[in-house]
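A quick write-up on the structure given underneath.
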Amino acid sequence: MKQWADYGVEGFFHGTEPWLEYHDKLTKHLAVIVGAEPSELVVMNQLSVNLHLMMVSFYRPEGKRNKIICEAKAFPSDQYMLETHIKHLGFDPKEILIEVSPRPGEYNIRHEDILKAVADHREELALILWGGINYYTGQAFDMKGMAAAAHEAGAKIGLDLAHAAGNIRLALHEWDIDFACWCSYKYLNSGPGAVGGVFVNSRYHHDPGIKRFAGWWRYDKPTRFNMEKGFIPIGTAEGWQLSTPSILLFASHYAALTVFSDARMNNILEKSSLMSSYLFFLLNDIIREQFSDKLAIITPTDPREHGCQVSMFFREDGRFVFNRLAENGIFADWREPGVIRIAPVPLYNSFSEIYTFADCLRQVLR
Ligand SMILES: *Cc1c(COP(=O)(O)O)cnc(C)c1O
């Protein structure tokens, strides 16, 4: 705000934090959180918008190689994105999308079933588009294994990390992911409607064949303001930008990211894992005690297969339980037909809050 008051538009070039370089401050911290080189990251727009933009570059159907493997019942925005993007290319989503579901009677998708879908469609597969963590069940997926399978079949892999960024260990570069998108207002704490993030694998930065939509903000920085025709894109993920970013959104994102870097990602992940072990322990105790007919945990218990989130499926009275929890100051999340999601977050929740939650749940059930 001070920078704006003192310099107006010249704040892009002057002052202690010139806005033209502000982006680098974000990618430096984000690189640690998502496991990437800073040059592979661009902070721009929001999640659904970015997914469409990445599809332009990474979903290039050719002949019979036009299929997309995705999770059944993905977050609605991702389903709408896929449906409309496929239609805009002149295809029928029913012909293109291969959805992998949990087996009958199961809540989670088995990794072997994803690999089988890839194997069954080897010749026709163009892209796997998958969520790092399923928003409904809290299941975390073997993204490295999926990337290897996609590439082995001659396809690409894109990830939606809305529920994974800032929540679990990610190594996008090492896993050889092609692209990934996330929002910054869930585990990244950057405020409602915060600016989104994108990973573009460095192997594409100088690929002249890659298709992308352009705007002036992707233009090489030193000459951007010459405003000449034709363009030289920035040779990093920033070359996927279109528009002038909101520095106010950048600033709130930066404030949130510095908390992560002060606390250190390893510490955050370690506390997270202890917190969820404790939560699983307390919940299993309640279920064993007397309520196994009433509720089930649908989040996988293996620590490699979940982050903070634990989803409980209530066979009956779920809504009643949810309302009583809220009356006791516990803000969980309700999803039809009977799921309550809670997510104790290491940066601002405590072990005693987990205990209080479990105690309250037990009383309500009784
Ligand atoms: C929250 C969420 C979104 C929301 O997208 P916006 O464009 O930021 O509104 C999309 N996909 C998933 C998987 C989400 O969890």
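Here, residue 1 is the first one in the sequence, and each next residue gets the next number. Counting starts at 1 for both ligands and their atoms, following the listed order.
Of the protein's non-hydrogen atoms, Y185 OH, 3.2 Å is the one closest to atom 4 (C) of ligand 1. Among all non-hydrogen protein atoms, the one lying nearest atom 1 (C) of ligand 1 is K186 NZ, 1.4 Å. Scanning the protein for heavy atoms near atom 11 (N) of ligand 1, the closest one is D78 OD1, 2.6 Å. Protein heavy atom closest to atom 10 (C) of ligand 1, with residue, atom name and distance, is L47 CD2, 3.2 Å. In terms of protein heavy atoms, atom 5 (O) of ligand 1 is closest to S48 OG, 3.3 Å.
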E336 vs W334, side chain to side chain donor-acceptor pair (under 3.5 Å): CA-CA, chis, key distance, verdict: CA-CA 7 Å; E336 294 295 343; W334 172 255; 3.1 Å; yes

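For ligand 1, the atoms closer than 4.0 angstrom to any heavy atom of A162 are 2 (C), 12 (C), 13 (C), 14 (C), 15 (O).
For the pair K156 and F58, the cation-pi test (distance below 6.0 Å, angle within 45°) is failed. Figure legend: cation-pi geometry between R315 and F313 absent, as NZ or CZ is not positioned both under 6.0 Å from the six-membered ring centre and within 45° of its axis.
Panel note: side chain S311, backbone Y136; a donor-acceptor pair is recorded below 3.5 Å. In terms of modelled atom types and a separation under 3.5 Å, the side chain of R65 and the main chain of E124 share no donor-acceptor contact.
Backbone and side-chain nitrogen or oxygen atoms of Y135 are examined, and none is located within less than 3.5 angstrom of a nitrogen or oxygen of ligand 1.
Other residues, nucleotides and ligands contribute more than 12 heavy atoms inside 6.0 Å of the NZ atom of K271.
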